[in-house]
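Working notes, beginning with the structure itself.
For clarity, every value in this text was computed on a predicted model and none was experimentally measured.
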Amino acid sequence: MNRLVKTLIYNNEMSLCVMETTELVNEAIEIHRLSPLSAAALGRVLTVSSFMASCLKNETDKLSVTVVGDGVGGNITVSGNSALDMRGSIDNPRAELPLRPDGKLDVGGCVGKNGRLTVVKSMGLKEPYSGSCRLVSGEIAEDFAAYYLYSEQQPSAIALGVKIGKDYRCVGAGGVVIQALPGASEESISKAEEAMKHFANISTLIKEKSIEEIVAEYFGDTAPLEEYSPHYKCLCSRDYIEGILKTMGKEELEDIVAEQGKITVNCEFCEKNYEFTQEDVEKMFKG
């Protein structure tokens, strides 16, 4: 089961979130037939985006995260909502690179170091909130920490990891997010920085220990816990796709059908194909 557990630490001066997202990543691997490298990159973005979605306050709130870099994986897109219905895609689902000198997957090379991270949140306001920052390393955790600092003025320490087994399945995925609350002391900030040194191999910790064991071992007694359950769920439907197609106008749709015999739309998040014939186009514009 995918889990996000939140609590307060260091005299309630810092918030802590520990995440296990192994099943979420395996869903993405199965849908997109991801290589280990692409799975690690998309999996990290899915994990941290699940944390962001857990911070949405209203039922209708939703977010979209886009990582545009110059690496071999191409662009990464993740969408989610306050119910933690998460889905994502990567341009090159079967990207490959040599392992780094330390034996780990080269996520930074997959994503690239030149580019931008953009977050758009729709929260029922007239205009959605949009924040963006330049990529720092392409390793995702550092990039999102920079986003929180520069776009939301929220000092954050983030560790993310995805461990892929020999059968190309994810055997451990998750992350740790520590954020300073207003008025946090320098002592608490230093303690958080020290604690984060333990999470360089967070995916291995997630594989071997429960979230509760990780919290107890590295943070001791904490305030009451909040728990969330992210899951991979695409919200596409034939009606939704039809609504998008209608905005193109009947004439253009008929031209496509005349040229190709039918209209085929592929959902980037679940790989499902929707097909529309000339008869379907006629029905769209009836009445």
(message) Less than 4.5 Å apart, side chain to side chain, heavy atoms only: is that true for Lys250 and Val281?
(response) yes
(request) Just do the salt bridge (Lys or Arg N to Asp or Glu O under 4.0 Å) check on Lys121 and Glu152 with the steps written out, would you? (result) CA-CA 12 Å; Lys121 299 179 186 178; Glu152 299 197 9; 2.8 Å; yes
(request) Taking the side chain as every heavy atom from C-beta outward, state whether Lys6 and Ser15 have any pair of such atoms under 4.5 Å apart. (result) no
(request) Specify the closest pair of heavy atoms between Cys234 and Cys267, including all atoms of both residues, with the distance to one decimal. (result) SG-SG, 3.4 Å
(message) Checking Glu279 now: which residues fulfil salt bridge (charged side-chain N to carboxylate O under 4.0 Å, His left out) with it, not counting sequence neighbours?
(response) Lys283
(request) Go through Tyr228 and Phe51 one step at a time and tell me if the side chain to side chain contact (heavy atoms under 4.5 Å, CB included) criterion holds. (result) CA-CA 9 Å; Tyr228 303 80; Phe51 167 73; over 6 Å; no
(request) Heavy atoms only: give me the nearest Gly172-Ser203 pair and the separation to one decimal. (result) O-CB, 3.4 Å
(request) Could you tell me whether the side chain of Arg134 reaches within less than 4.5 Å of the side chain of Lys113, counting heavy atoms only? (result) no
(message) Restricting to non-hydrogen atoms, name the atom on Leu253 and the atom on Met248 that form the minimum distance, rounded to 0.1 Å.
(response) CD2-SD, 3.9 Å
(request) Please say whether the positively charged group of Arg238, taken as NZ for Lys or CZ for Arg, lies over the ring of Phe276, i.e. under 6.0 angstrom from the six-membered ring centre and within 45 degrees of the axis. (result) yes
(message) Is it the case that the side chains of Glu59 and Ser82 hold a donor-acceptor pair, with the cut-off being a distance below 3.5 Å and no angle test?
(response) no
(request) Flag the pair Tyr148 / Val177 as yes when at least one side-chain heavy-atom distance between them is below 4.5 Å, and no otherwise. (result) no
(request) Check whether any side-chain heavy atom of Asn114 lies under 4.5 Å from a side-chain heavy atom of Leu135, and answer yes or no. (result) no
(request) Grab the two heavy atoms, one from Pro128 and one from Val120, that are nearest each other, plus how far apart they are. (result) CB-CG1, 3.9 Å
(request) Using a 4.5 Å cut-off on heavy atoms from C-beta on, say whether the side chain of Asn81 contacts that of Leu235. (result) yes
(message) Less than 4.5 Å apart, side chain to side chain, heavy atoms only: is that true for Ser137 and Asp143?
(response) yes
(request) Name all residues meeting the side chain to side chain donor-acceptor pair (under 3.5 Å) criterion together with Glu139; count only those two or more places apart in sequence or in a different chain, and write none if there are none. (result) Arg44, Arg100
(request) Measure the shortest side-chain to side-chain distance between Leu42 and Ser38 over non-hydrogen atoms and say whether it is less than 4.5 angstrom. (result) no
(message) How close do Ala192 and Met14 get, counting heavy atoms only, and between which atoms?
(response) CB-CE, 3.5 Å
(request) State plainly whether one hydrophobic cluster holds both Leu4 and Leu8, where clusters connect Ile, Leu, Val, Met, Phe, Trp and Tyr through side-chain heavy atoms under 4.5 angstrom apart. (result) no
(request) Please identify each residue that fulfils ring pair (Phe, Tyr, Trp, His ring centres under 6.0 Å) with His198, with sequence neighbours left out. (result) Tyr218
